[in-house]
Engineer: 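Below is one structure. I have some questions about it.
Predicted, not measured: the structure shown is a model, and the values here were computed from it.
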Amino acid sequence: MQTLRADMPSGASQTDSDEGRTPSVARVDLGAIAANARALKAKLAPGTKFLAAVKANAYGHGAVPVARALLAEGTDWLAVATLAEGRELREAGIGAPVLLMQGIRPDQAAGVVAGDFATFVYDAPVLEALSAAASAQAKRARVHIKVDTGMTRLGVMPQELGALLEKTKSLPNIEIEGICSHLSVAEDAGGALTALQKQRFAEALSLAENKGVRPALRHLANSSATILDPETHYDMVRCGIAVYGEHPAVQTRGKIELQPALAWTTQVHQLKRIAAGEIVSYGATWKAQRESLIAVVPVGYGDGYRRNLSNRARMIAGGKSCPVVGIVCMDLTMIDVTDVPGIVAGDEVTVIGATGGEHVSAAELAEILGTISYEVLTGIGARVARVYR
């Protein structure tokens, strides 16, 4: 096991003996991530490439260690959002194909070419900048034309695709490596909007072929589509949250076995027994209805444990479910451990994960917050040390 501290670059590591520097630890099971990748790849036809998204610090799991584990498992491509995220991988010695999915500004073109990144493109100014940078460096800029088929996010509109393809073909040192799009409701595989987006993507590919553009990589499928809709797989799929063991939608449950890769634990910082009628934390939002034993744990919204979980969520201590009581503070949260026999300061508390017969999932916290597990996991802060198995 290796530990990655919050004050270290993400490519660094240290021995487990140093883990005591922080009681709040996110343990990442790289074996689970590898198993999830295998399960997803088993859905693909032979020859279909597998791209794993490691953007946003690998969804909070640690970009460099996760990327290395995925590549060892045979992942073909990695994807990040920004040029800075891509550089982090290159500086760690990772030379695998990396796709920048946020696209770039024209002033970033030289860095994209120098780092041998592929990037989404959807407008002429970026293409012109990439062509100039590639010419100056005597290289080729690899681009993936992003088509907006109905997500109304990044991408060239279908009616403007022809002109963009002509512009791309006219520029020197540009290689159209891919054409892609993104599904907005991929979990509704048989729905009208998904059908419309699939039709628009097929039309975009036909238009490109008529203009002599036959890219090696046509890609449309995200995690949900990879699991539910083989028609969307084309030459490559792009998987994100499923790689980390979280289901992207309720529709994928039962369709694939995924192993959550992250468990977040901390320790009891202090215990205090209070009388009935005493209040806990800011605003006096929780009052003890009986004599109670309260555990103070060093996790708060400064660590990504959201304030909206106050009086609504639970943690696990001594194998028992313990409610969060009072307002979550920046650095501390209180839980009611009255019914946990023998608990002492220093005992482990599970924030996300399983202990005994109890399990608190990222999805459970997301439901309380009215959000998705993606936000819960990416929100786990940098001062929570990452420990890798």
Engineer: Does the side chain of Thr82 reach to within under 4.5 Å of the side chain of Leu100, using non-hydrogen atoms?
Structural biologist: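 No, side chains not in contact.
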Engineer: Excluding sequence neighbours, so at least two apart, what forms side-chain hydrogen bond (donor to acceptor under 3.5 Å, both in side chains) with Thr75?
Structural biologist: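 Expected list: none.
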Engineer: Just checking Glu231: does its CD atom have more than 12 heavy atoms from other residues, nucleotides or ligands closer to it than 6.0 angstrom?
Structural biologist: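 Not buried by this count: 12 neighbours or fewer within 6.0 Å.
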Engineer: Donor-acceptor pair, distance only, cut-off 3.5 Å: does the side chain of Lys169 make one with the backbone of Lys211?
Structural biologist: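 Such a contact is found between Lys169 side chain and Lys211 backbone.
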Engineer: State whether the side chain of Gln137 and the backbone N or O of Ala110 hold a donor-acceptor pair below 3.5 Å, judged by distance alone.
Structural biologist: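 Flag set: sc Gln137 to bb Ala110 pair under 3.5 Å.
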Engineer: I'd like to check Val268 versus Val349 (side-chain heavy atoms, cut-off strictly below 4.5 Å). Are they in contact?
Structural biologist: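 Yes. Closest side-chain heavy atoms under 4.5 Å.
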Engineer: For Glu209, give me all partners under salt bridge (charged side-chain N to carboxylate O under 4.0 Å, His left out), at least two apart in sequence or on another chain.
Structural biologist: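 Residues passing salt bridge (charged side-chain N to carboxylate O under 4.0 Å, His left out) with Glu209: Arg214.
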Engineer: If you draw a 6.0 Å radius around NE2 in His269, do more than 12 non-hydrogen atoms from other residues or ligands fall strictly inside?
Structural biologist: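 12 or below, so no.
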Engineer: Quick check: do Trp286 and Ser292 have side-chain heavy atoms less than 4.5 Å from each other?
Structural biologist: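 Counting from C-beta outward, Trp286 and Ser292 do come under 4.5 Å.
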Engineer: Walk me through whether Arg383 and Ser24 qualify under side-chain hydrogen bond (donor to acceptor under 3.5 Å, both in side chains).
Structural biologist: CA-CA 8 Å; Arg383 69 182 180 184; Ser24 190; over 6 Å; no
Engineer: To the nearest 0.5 Å, tell me how far Leu171 CG sits from Leu127 CG.
Structural biologist: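 That separation rounds to 6.0 Å.
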Engineer: Please name all residues satisfying side-chain contact (heavy atoms from CB on, under 4.5 Å) with Arg142, sequence neighbours left out, ordered by chain then number.
Structural biologist: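 If we apply the side-chain contact (heavy atoms from CB on, under 4.5 Å) test to Arg142, skipping adjacent residues, the hits are Trp77, Asp116, Ala118, Glu175, Glu177.
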Engineer: State, to 0.1 Å, how close Asp336 and Ile294 come at their nearest heavy-atom pair, and which atoms those are.
Structural biologist: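 Scanning both residues, the minimum pair turns out to be CA-CD1, 4.2 Å.
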Engineer: Under a 3.5 Å cutoff, is there a donor and acceptor pairing between the side chains of Gln197 and Ser184?
Structural biologist: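 There is such a pair between these side chains.
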Engineer: I'd like to know if the side chain of Arg386 and the backbone of Val28 have a donor-acceptor N/O pair within less than 3.5 Å.
Structural biologist: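 Answer holds: no.
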Engineer: Can you run down the salt bridge (Lys or Arg N to Asp or Glu O under 4.0 Å) pairs that involve residues 367-381, sequence neighbours left out, and say none if there aren't any?
Structural biologist: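 Found Arg306-Glu375.
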Engineer: Return the minimal non-hydrogen interatomic distance between Leu220 and Thr232, and the atom names on each side.
Structural biologist: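 Taking every non-hydrogen atom into account, CB-O, 3.9 Å.
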Engineer: What residue among Ile179, Val156, Val213, Asp148 forms side chain to side chain contact (heavy atoms under 4.5 Å, CB included) with Leu161?
Structural biologist: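 It is Val156, the one option of Ile179, Val156, Val213, Asp148 that forms the side chain to side chain contact (heavy atoms under 4.5 Å, CB included) with Leu161.
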Engineer: Show your reasoning for whether side-chain contact (heavy atoms from CB on, under 4.5 Å) applies to Asn36 and Ile256.
Structural biologist: CA-CA 9 Å; Asn36 295 332; Ile256 189 172; over 6 Å; no
Engineer: Restricting to non-hydrogen atoms, name the atom on Ala186 and the atom on Leu228 that form the minimum distance, rounded to 0.1 Å.
Structural biologist: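 Smallest heavy-atom distance, with atoms named: O-CD1, 4.3 Å.
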Engineer: Return the CG to CZ distance between Leu130 and Phe117, rounded to the nearest 0.5 Å.
Structural biologist: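 Leu130 CG to Phe117 CZ: 12.5 Å, rounded to 0.5 Å.
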Engineer: Any salt bridge (Lys or Arg N to Asp or Glu O under 4.0 Å) pairs touching residues 263-281, not counting sequence neighbours?
Structural biologist: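 For residues 263-281: Arg273-Glu291.
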Engineer: I'd like to know if the side chain of Arg312 reaches the main chain of Asn308, judged simply by a donor and an acceptor atom lying under 3.5 Å from each other, with no hydrogens or angles considered.
Structural biologist: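 At least one qualifying donor-acceptor pair exists.
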Engineer: Suppose we screen for side-chain contact (heavy atoms from CB on, under 4.5 Å). Which residues come up paired with Ala96, at least two apart in sequence or across chains?
Structural biologist: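 So Ala96 forms a side-chain contact (heavy atoms from CB on, under 4.5 Å) with Leu71, Ile94.
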Engineer: If a pair satisfies salt bridge (Lys or Arg N to Asp or Glu O under 4.0 Å) and one of its residues is in residues 36-47, list it, with sequence neighbours excluded.
Structural biologist: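 As it turns out, the salt bridge (Lys or Arg N to Asp or Glu O under 4.0 Å) pairs with a partner in residues 36-47, which skip direct neighbours, are Arg38-Glu73.
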Engineer: According to salt bridge (charged side-chain N to carboxylate O under 4.0 Å, His left out), who are the partners of Lys167, at least two apart in sequence or on a separate chain?
Structural biologist: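 Per chain and number, Lys167 pairs via salt bridge (charged side-chain N to carboxylate O under 4.0 Å, His left out) with Glu128.
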Engineer: side-chain contact (heavy atoms from CB on, under 4.5 Å) for Val243 and Ile33? Distances and angles first, verdict last.
Structural biologist: CA-CA 6 Å; Val243 171; Ile33 289 173; 3.8 Å; yes
Engineer: Can you tell me if CZ on Arg253 sees more than 12 non-hydrogen neighbours from other groups inside 6.0 Å?
Structural biologist: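 Counting other residues, nucleotides and ligands, CZ of Arg253 exceeds 12 neighbours.
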Engineer: Show the numbers, then the answer: is there a salt bridge (charged side-chain N to carboxylate O under 4.0 Å, His left out) between Lys320 and Asp347?
Structural biologist: CA-CA 13 Å; Lys320 293 185 177 292; Asp347 280 358; over 6 Å; no
Engineer: Could you grab the distance from atom CE of Met315 to atom CE of Met334, nearest 0.5 Å is fine?
Structural biologist: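 Reported value, rounded in 0.5 Å steps: 10.0 Å.
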Engineer: Is it true that a side-chain atom of Thr194 and a backbone atom of Gly191 form a donor plus acceptor pair closer than 3.5 Å?
Structural biologist: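 Such a contact is absent between Thr194 side chain and Gly191 backbone.
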Engineer: With no hydrogens and no angle check, is any side-chain donor or acceptor of Asp235 less than 3.5 Å from a backbone partner on Arg218?
Structural biologist: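 Looks like yes, one N/O pair under 3.5 Å.
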Engineer: Locate the shortest heavy-atom distance separating Gly62 from Tyr388; write the atom from each residue and the value.
Structural biologist: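 So the two residues come closest at CA-OH, 3.2 Å.
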Engineer: Quick check: does any side chain N or O of Arg140 sit under 3.5 Å from a backbone N or O of Ile174, one acting as donor and the other as acceptor?
Structural biologist: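 Yes; judged by distance alone, with no hydrogens or angles, the pair exists.
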Engineer: In chain order, what residues pass the side-chain contact (heavy atoms from CB on, under 4.5 Å) check against Ala81, with sequence neighbours excluded?
Structural biologist: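 side-chain contact (heavy atoms from CB on, under 4.5 Å) list for Ala81, sorted by chain: Lys55, Glu85, Gln102.
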Engineer: Taking side-chain contact (heavy atoms from CB on, under 4.5 Å) as the test, write out the residues that go with Pro172, two or more places apart.
Structural biologist: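 Once residues adjacent in sequence are excluded, the partners of Pro172 under the side-chain contact (heavy atoms from CB on, under 4.5 Å) criterion are Ser131, Ser135.
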Engineer: Just to verify, what does His182 make a ring pair (Phe, Tyr, Trp, His ring centres under 6.0 Å) with, not counting sequence neighbours?
Structural biologist: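 So His182 forms no ring pair (Phe, Tyr, Trp, His ring centres under 6.0 Å) with any residue.
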Engineer: Starting at CD1 of Ile145, measure out to OG of Ser181 and round the result to the nearest 0.5 Å.
Structural biologist: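 Ile145 CD1 to Ser181 OG: 12.5 Å, rounded to 0.5 Å.
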Engineer: Look at the side chain of Thr333 and the backbone N and O of Val299, then say whether any donor-acceptor pair between them is shorter than 3.5 Å.
Structural biologist: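 It does hold such a pair.
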Engineer: To the nearest 0.5 Å, tell me how far Ile279 CD1 sits from Thr285 OG1.
Structural biologist: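 Answer rounded to 0.5 Å: 8.0 Å.
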Engineer: Please give me the minimum heavy-atom distance between His219 and Phe120, naming the atom from each residue.
Structural biologist: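 What the structure gives for the nearest pair is CE1-CE2, 4.1 Å.
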Engineer: Within the supplied structure, the quantity of interest is the number of heavy atoms (other residues, nucleotides, ligands) at a distance under 6.0 Å from Glu257 CD; does it exceed 12?
Structural biologist: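 Count not over threshold, so no.
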Engineer: Is the number of heavy atoms from other residues, nucleotides or ligands under 6.0 Å of Lys198 NZ greater than 12?
Structural biologist: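 Result for NZ/Lys198: enclosed.
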Engineer: Given 3.5 Å as the limit, does a donor-acceptor pair link the side chain of Asn173 with the main chain of Lys139, or not?
Structural biologist: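 Yes, Asn173 side chain to Lys139 backbone: donor-acceptor pair under 3.5 Å.
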Engineer: Please assess Val360 against Thr350 for the test side-chain contact (heavy atoms from CB on, under 4.5 Å), listing each intermediate value before the final yes or no.
Structural biologist: CA-CA 8 Å; Val360 177; Thr350 298; 5.6 Å; no
Engineer: Kindly say whether Val328 contributes a backbone atom to a donor-acceptor pair with the side chain of Ser310 at under 3.5 angstrom?
Structural biologist: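 Between the backbone of Val328 and the side chain of Ser310 there is a qualifying donor-acceptor contact (under 3.5 Å).
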Engineer: Give the minimum heavy-atom separation between Tyr122 and Lys146, together with the two atoms involved.
Structural biologist: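 Of all heavy-atom pairs spanning Tyr122 and Lys146, the closest is CB-O, 4.0 Å.
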Engineer: With the side chain counted from C-beta on, respond yes when Asn222 and Pro248 share a heavy-atom pair under 4.5 Å apart, and no when they do not.
Structural biologist: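 No; the side chains remain at least 4.5 Å from each other.
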Engineer: Is the shortest heavy-atom distance from the side chain of Val64 to the side chain of Leu89 under 4.5 Å?
Structural biologist: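 Side chain of Val64 against side chain of Leu89, heavy atoms only: contact under 4.5 Å found.
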Engineer: Output every pair passing ring pair (Phe, Tyr, Trp, His ring centres under 6.0 Å) with a member in residues 227-248, not counting sequence neighbours, ordered by first then second residue.
Structural biologist: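 The answer is Tyr59-Tyr244, His61-Tyr244, Phe201-Tyr234.
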